[in-house]
Amino acid sequence: MAPLTRAKASSSRVAPILIQRDSDDSDHYHSSSSDYDDEEQVGAGDSSDDEDMGTNGLPTSEELHHEPPNTTSNAPPRITISLKKVCKVCKGTGHEAGFRGATYIDCPRKPCYLCKMPGHTTMSCPHRVAMEHGVVPAPRRNTSTTLDYIFQRQLNPNIPMIKPTFVIPDQLTCGIIRFHSRRVTCLEFHPTKNSVLLSGDKKGQVGIWDYSKLHEKTVYNSIHTCIVNNIKFNTDNDGTMYASSSDGTVSCTDLETGVPFVLLDLNPNGWIGPAAWRMVYGMDINTEKGLVLVADNFGRLYFLDTRSRTRAGGPFLIHKKGTKVVGLHCNPVEPGLLLSCGNDHFARIWDIRRLEAGSSLDNLRHGRVVNSAYFSPRTGSKILTTSIDNRIRVWDSIFTNMESPSREIVHSQDFNRHLTPFRAEWDPKDPSESLAVVGRYISENYDGVALHPIDFIDTTSGKLVAEVIEPDITTISPVNKLHPRDDVLATGSSRSLFIWRPKEDIERMQEQLGKKAKEFIIRMGDKKSKGKGSIDSDDDSDLGFKGKTSKTKKYEKSYTSGKSKKSKGVC
DNA sequence: ACAACATGTAGCC
DNA sequence: TGGCTACCCTGTTG
């Protein structure tokens, strides 16, 4: 690693400030001593004990000390300024956490930022060096009996025993930069119109975009007033979408008019303080029974009737009282089975025909908050969950003992107040129900650019199948959805939307359509064209991307010349 | 290149 | 239980 020097200490200060080399630096945290050798320490050799600087220590990067007046001479009181390296994570000195170039250096005093275990950092984490090692063996792993196998085959005759080759949409084909005015919070493909994507944002806006006709896009901003948590369709009527929001309402909106009908309002009396404000998070539709199932931030589940548009049941307490129910999912084969997950660190399975508090069929314990929990898309017999303890968990069969997951896959997906929570999503087209997509929080240094890939994970092995990146997308992509029929991936990253396809598809399209199939990007309301998270391209330009930064160019060379290469780490 | 800031909530006491 | 408050890889603007 080429050591990068820190920003230079100010050299314009006036006397009587002493500039001294700080010999304290040769402490135990000298893992990369050469990084700091040239650094000038400004200070008076204050003997404050660095080692005692715990997390409660208060030194800032510039410590001002007013020394007691010097009684033995007429010299003015000396002000000493200490510019020691202070770690922004633990406030200790002698080391610093943060980016050095495009590589992030962890605080060595904290547990690993990836796997959360002490004793090493992300850089040396075994789950990072080789992603196939990211699987934590669960106690019951590989303990299936022959009977289990037969049972499984009878119940799941559609699961082929030979795993198909995974199709990875890893090439960016189009996108809308800053389509939303706040970060994207959810995505949903239209159930019948193949190229129509719906998106919700933190502000409450709902976007409708036909990405086959790049400019065909609409934004409705009067459906909700804050975070759109979920968008769903009722397959009986694909002209109508349902949305749940942190404004406490569930809406049913005609896509043509954008006029919403409020199915549920949990705050009928308006704002009466933050403690009483109710929000709707989890939502799914039980087509068989004509129900919209929603859940709030107080642990309760509600049934709404899609025909009469009235409340048809609830509230039922399904998670710890007062905690947020983040997600709901109806089993695709047995719609009476409901999977919920929430902030009480549990995912729970319910029979909605026999619902009462505490009547869950199974309770799946997690290390921390569960962001999402989904039944597998075809047979509904597997479960995939995402938790902010940086683990994706897989239960291989809901018909066996659910006490512990079949696998825990270490994957970076921490909570961050500025980000939409990560959710690992099944590939609905994978007949083996193995492939999942999920954005990655921590970045990787790709030839000098810090990028956050979108990961494709084989949930049967924990192996990282692919990491999808685009040199110009430097923002984190927590929201990802795979198309139910096409080989298309939709991504929500910050305020932008992106569409990816497999390389082979793009080549085929280019052969058939020529120029028309070239990459194109729309930019919304952006005066400047350069900068983080933006893509340098003219609107709808035939030339697609152009005018890239030198960094990008450098990167692109190695990217297009073969498989994605990284300067650090192997995944 | 850098600083300021917006900002929700998880987990603790 | 309610009330605080820390908050490590943000993203945007100036």
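Treat the numbers as computed from the prediction; the structure is a model and nothing was measured. Computed over heavy atoms, backbone and side chain alike; hydrogens, waters and symmetry mates excluded. Letters A, B, ... mirror the listed sequences (proteins, then strands); counts begin at 1.
With distances taken from any side-chain atom of A:Arg495 to the nucleotides C:dC9, C:dT13, B:dT9, the minimum falls on C:dT13. For A:His418, whose side chain is taken as the heavy atoms from C-beta onward, the closest listed nucleotide among B:dA10, B:dT7, C:dC9 is B:dT7. Of the candidate nucleotides C:dG11, B:dA10, C:dC8, C:dC8 has the atom nearest to the side chain of A:Asp106.
Atom C1' of C:dC9 sits at a distance of 24 Å from the matching atom of B:dC12, rounded to the whole Å.
Note that A:Lys116 lies in the cation-pi zone of A:Tyr113, set by a 6.0 Å cut-off to the ring centre and a 45° limit from the axis. Cation-pi geometry between A:Lys324 and A:Tyr281 is met: the NZ or CZ atom falls under 6.0 Å from the ring centre, inside 45° of the normal.
One finds the NE2 atom of A:His224 at 8.0 Å from the CD1 atom of A:Ile231 (value rounded to the nearest 0.5 Å).
A:Leu451 has its CG atom 12 Å from the C1' atom of C:dC9, to the nearest Å. Computed from coordinates, the A:Lys88 NZ to C:dT10 C1' distance equals 11 Å when rounded to whole Å. Here the C1' atom of nucleotide C:dG11 and the CG atom of A:Asp201 are 15 Å apart, to the nearest Å. Taking atom NE2 on A:His452 and atom P on C:dC9, their separation rounds to 10 Å, with Å as the unit. For A:Tyr104 and C:dT10, the OH to C1' distance is 12 Å, given to the nearest whole Å. A straight line from CZ of A:Phe415 to P of B:dT7 spans 15 Å, rounded to a whole angstrom. Rounding to whole angstrom units, CZ of residue A:Phe99 and C1' of B:dC2 are separated by 16 Å. Distance A:Asp344 CG to C:dT1 P: 13 Å, rounded to the nearest Å.
Note on A:Ser494: only backbone sugar-phosphate atoms sit closer than 4.0 angstrom, heavy atoms only; bases stay farther off.
For A:Arg417 and B:dT7, a side-chain-to-base donor-acceptor distance below 3.5 Å is present, hydrogens and geometry of angles not being considered.
No more than 12 heavy atoms of other residues, nucleotides or ligands sit less than 6.0 Å from atom NZ of A:Lys320.
Listed pair A:Arg182 / B:dG8 fails the phosphate criterion, with no side-chain N or O lying under 4.0 Å from OP1 or OP2.
Taking the nucleotide of DNA chain B with the nearest heavy atom to each of A:Lys202 and A:Asn343, the more 5' of the two is matched to A:Lys202. Annotation: of the two residues near DNA chain C, A:Lys321 and A:Tyr113, the 5′-most nearest-nucleotide partner is A:Lys321.
Closest approach of A:Val325 and A:Ile318 over heavy atoms only: CG1-CD1, 4.1 Å.
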